[in-house]
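Notes follow the structure.
Residue numbers run from 1 in the order of the sequence given.
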Amino acid sequence: MASKIEFVEFVADQLKEAGTITYKKMFGEYGLYGDGKIFAVICDDQLFVKKTEAGQRLCPELPEAPPYAGAKNYLLVEDIENRELLTKLAAETLRELPAPKPKKPRKKKEAEETCGKTQGMTERKTGRNPDGKKKAAFDYKKEYKEFYLPKDKPGLVTVPSMNFVAVRGKGDPNLEGGAYKQSIGLLYGIAFTVKMSKLGDHQIEGYFDYVVPPLEGLWWQEGGGGIDYAHKEDFCWISMIRLPEFVTRKEFDWAVAEASAKKGTDFSGVEFFTYEEGLCVQCMHVGPYDDEPATIAAMDAFAGAGGYLPDMGGPRYHHEIYLSDVRRCRPENLKTVIRHPVKKAEKP
């Protein structure tokens with residue numbers, strides 16, 4: 001299972017005070033660089049820091065494990081919420097590591113095996129079964145393909161009630177430093193506080209390891225059921241990420257307080273949002289967001305041919321689920337689930 005880019009970005013943000021921290025995809029996973037030196041890798045949403053004498057002196061309690069089969073042991077850092085400790089460990093490690101050597105031409109090597117096959121530690125530390133095989137985190141996209149991986153042809157779906165961490169706002173989502181882009185940081189701050197709660201003292205009843213679900217959004221404009229892509233400044237939106245079933249409102253409130261205290265950020269704008277979407281027509285849209293009207297037209301035609309009418313407005317809106325990272329995916333390859341609420345047309 002490849003690491004999520006959101007996890008990588010969270011770790012990089014936690015380490016930003018240790019120097020110029022960058023990350024680069026390698027062998028399907030990610031390498032972390034500080035001032036040009038590779039000092040850590042992220043595999044299967046776990047942080048592995050290179051072993052140095054300084055690092056081991058600073059964190060003698062950290063377990064050692066190989067990030068992937070055949071690799072040397074690294075220091076496995078599980079408490080990624082501790083920004084101060086991460087910063088010190090990264091700084092000490094970088095100080096001891098030699099400067100990178102000039103690159104030389106070399107032959108291509110076979111790709112190394114997928115990261116994450118750590119061995120020799122307890123199930124609690126590594127997320128492994130007693131037989132040594134790694135436990136697979138619950139992935140909502142794979143377990144509920146009917147909601148997250150529809151075909152590129154319109155189809156009907158009935159969506160049950162789900163809980164989300166959500167932020168409401170207005171305005172152009174493409175505006176740098178705007179409310180929409182700020183909302184995404186708030187959402188992932190809460191999402192990863194819940195996910196990483198297993199490493200802290202607060203144990204959530206019923207917790208199971210899971211892959212953070214994709215970012216979603218409800219979109220509308222005042223005075224109309226549809227949306228006008230030519231006037232994005234008039235967008236109203238609810239940006240959201242699905243919460244696992246074990247997250248009650250009480251646990252959500254804990255996560256908000258925990259994230260606020262640890263990150264020094266105001267999370268008062270997030271809300272525990274329950275959404276029951278009901279009957280919808282949906283389709284996988286492949287391509288730029290601005291090309292969505294063509295896919296929506298196909299969805300409307302499909303619904304009409306089946307005797308269904310749009311049911312937009314009120315609590316039911318144009319819904320998008322983002323399966324691609326817009327920063328790392330070519331526009332023509334972007335995958336977005338588009339979902340519109342419908343109702344059965346009344347017989348004349």
Quiz item: Do NZ/NE/NH1/NH2 and the carboxylate oxygens of D13 and K16 come within less than 4.0 Å?
Solution: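 Counted as a salt bridge, because a side-chain N and a carboxylate O are separated by less than 4.0 Å.
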Exercise. Output yes when K198 and D209 qualify as a salt bridge under the 4.0 Å nitrogen-oxygen rule, no when they do not.
Key: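 Salt bridge present between K198 and D209.
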Quiz item: Could K343 and Y308 be counted as a cation-pi pair, given that NZ or CZ must be under 6.0 Å from the ring centre and within 45° of the axis?
Solution: no
Quiz item: What do you reckon, is NZ of K88 surrounded by more than 12 foreign heavy atoms closer than 6.0 Å?
Solution: no
Quiz item: Is the NZ atom of K344 crowded by more than 12 outside heavy atoms at less than 6.0 Å?
Solution: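 It does: K344 NZ has more than 12 such atoms within range.
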Hey, does [Y] have a side-chain heavy atom less than 4.5 Å from the side chain of [X]?
X	Y	result
F164	Y275	yes
T265	L186	yes
M312	Y317	no
L187	V167	yes
M284	L323	yes

Linked, directly or transitively: [X] and [Y] (ILVMFWY side chains, under 4.5 Å):
X	Y	value
V212	M196	yes
L309	M299	no
I184	I321	yes
F208	Y144	yes
F273	Y188	yes

Quiz item: Counting distance only, does the side-chain N/O of E146 pair as donor-acceptor with the main-chain N or O of V157 below 3.5 Å?
Solution: no
Self-check item: Short side-chain to backbone donor-acceptor contact, S324 and K335, under 3.5 Å
Solution: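 Side chain of S324 to backbone of K335: a pair is present.
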Quiz item: Parallel, tilted or perpendicular: which describes the rings of F10 and F192, with under 30° parallel and over 60° perpendicular?
Solution: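 It falls in the parallel class, under 30°.
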Practice problem: Please test L62 against L76 for side-chain contact (heavy atoms from CB on, under 4.5 Å), starting from the C-alpha separation and ending with a verdict. | Solution: CA-CA 6 Å; L62 289 181; L76 174 58; over 6 Å; no
Quiz item: Looking at residues at least two apart in the chain, or sitting in another chain, which of them share a salt bridge (charged side-chain N to carboxylate O under 4.0 Å, His left out) with K262?
Solution: E258
Quiz item: Quick one: salt bridge (charged side-chain N to carboxylate O under 4.0 Å, His left out) partners of K51, sequence neighbours excluded?
Solution: E64
Quiz item: What's the verdict on side chain to side chain donor-acceptor pair (under 3.5 Å) for Q282 and H319, showing C-alpha distance, side-chain angles and the deciding distance?
Solution: CA-CA 9 Å; Q282 70 177 6; H319 188 173; over 6 Å; no
Quiz item: Stepwise, does the side-chain contact (heavy atoms from CB on, under 4.5 Å) test hold for V337 with L149?
Solution: CA-CA 7 Å; V337 179; L149 298 172; over 6 Å; no
Would you give the length of the straight line joining atom [atom1] of [X] to atom [atom2] of [Y], rounded to the nearest 0.5 angstrom?
X	Y	atom1	atom2	result
E277	T158	CD	OG1	10.5 Å
Q56	E92	CD	CD	12.5 Å
E29	K25	CD	NZ	8.5 Å

Exercise. Could I get the full list of side chain to side chain donor-acceptor pair (under 3.5 Å) partners for D300, not counting sequence neighbours?
Key: none
Practice problem: Could I get the full list of side chain to side chain donor-acceptor pair (under 3.5 Å) partners for R330, not counting sequence neighbours? | Solution: E332
Quiz prompt | Test side-chain contact (heavy atoms from CB on, under 4.5 Å) applied to W219 and E320, step by step | solution = CA-CA 8 Å; W219 300 87; E320 298 183 358; 4.0 Å; yes
Exercise. Measure across E251 and E205 and return the closest heavy-atom pair with its distance rounded to 0.1 Å.
Key: OE2-N, 4.4 Å
Self-check item: By side-chain contact (heavy atoms from CB on, under 4.5 Å) - contacts of D35 (at least two apart)
Solution: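 So D35 forms a side-chain contact (heavy atoms from CB on, under 4.5 Å) with T20.
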Quiz item: For residues 69-101, which residue pairs qualify under ring-ring contact (aromatic ring centres under 6.0 Å, His included), counting only residues two or more places apart or in two chains?
Solution: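 Listed by first then second residue: nothing to list.
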Quiz item: What pairs meet the ring-ring contact (aromatic ring centres under 6.0 Å, His included) rule with one or both residues in residues 280-304, with sequence neighbours excluded?
Solution: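 Listed by first then second residue: Y289-Y322.
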Quiz item: Stepwise, does the side-chain contact (heavy atoms from CB on, under 4.5 Å) test hold for I190 with V256?
Solution: CA-CA 6 Å; I190 299 301; V256 172; 4.0 Å; yes
Quiz item: What residues, two or more places apart in sequence or in another chain, satisfy ring-ring contact (aromatic ring centres under 6.0 Å, His included) together with F267?
Solution: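 ring-ring contact (aromatic ring centres under 6.0 Å, His included) check on F267 returns nothing, list empty.
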Quiz item: F272: what forms a ring-ring contact (aromatic ring centres under 6.0 Å, His included) with it, not counting sequence neighbours?
Solution: F252
Practice problem: May I ask you to check whether W220 and H318 place their ring centers less than 6.0 Å from one another? | Solution: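 W220 vs H318: aromatic centres not under 6.0 Å.
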Exercise. Sequence neighbours left out, what pairs pass side chain to side chain donor-acceptor pair (under 3.5 Å) with at least one residue falling in residues 237-246?
Key: Y140-E245, Y148-R242, R242-E245
Indicate every side-chain donor-acceptor pair of residues 169-180 with a distance under 3.5 Å to a residue at least two apart or in another chain.
residue: D172; atom: OD1; partner: N174; partner atom: N; Å: 2.8
residue: E176; atom: OE2; partner: K181; partner atom: NZ; Å: 2.8

Residues 229-236 side chain polar contacts: donor-acceptor under 3.5 Å, at least two apart:
residue: Y229; atom: OH; partner: E292; partner atom: OE1; Å: 2.5
residue: H231; atom: ND1; partner: E233; partner atom: OE2; Å: 3.1
residue: K232; atom: NZ; partner: D290; partner atom: OD1; Å: 2.7

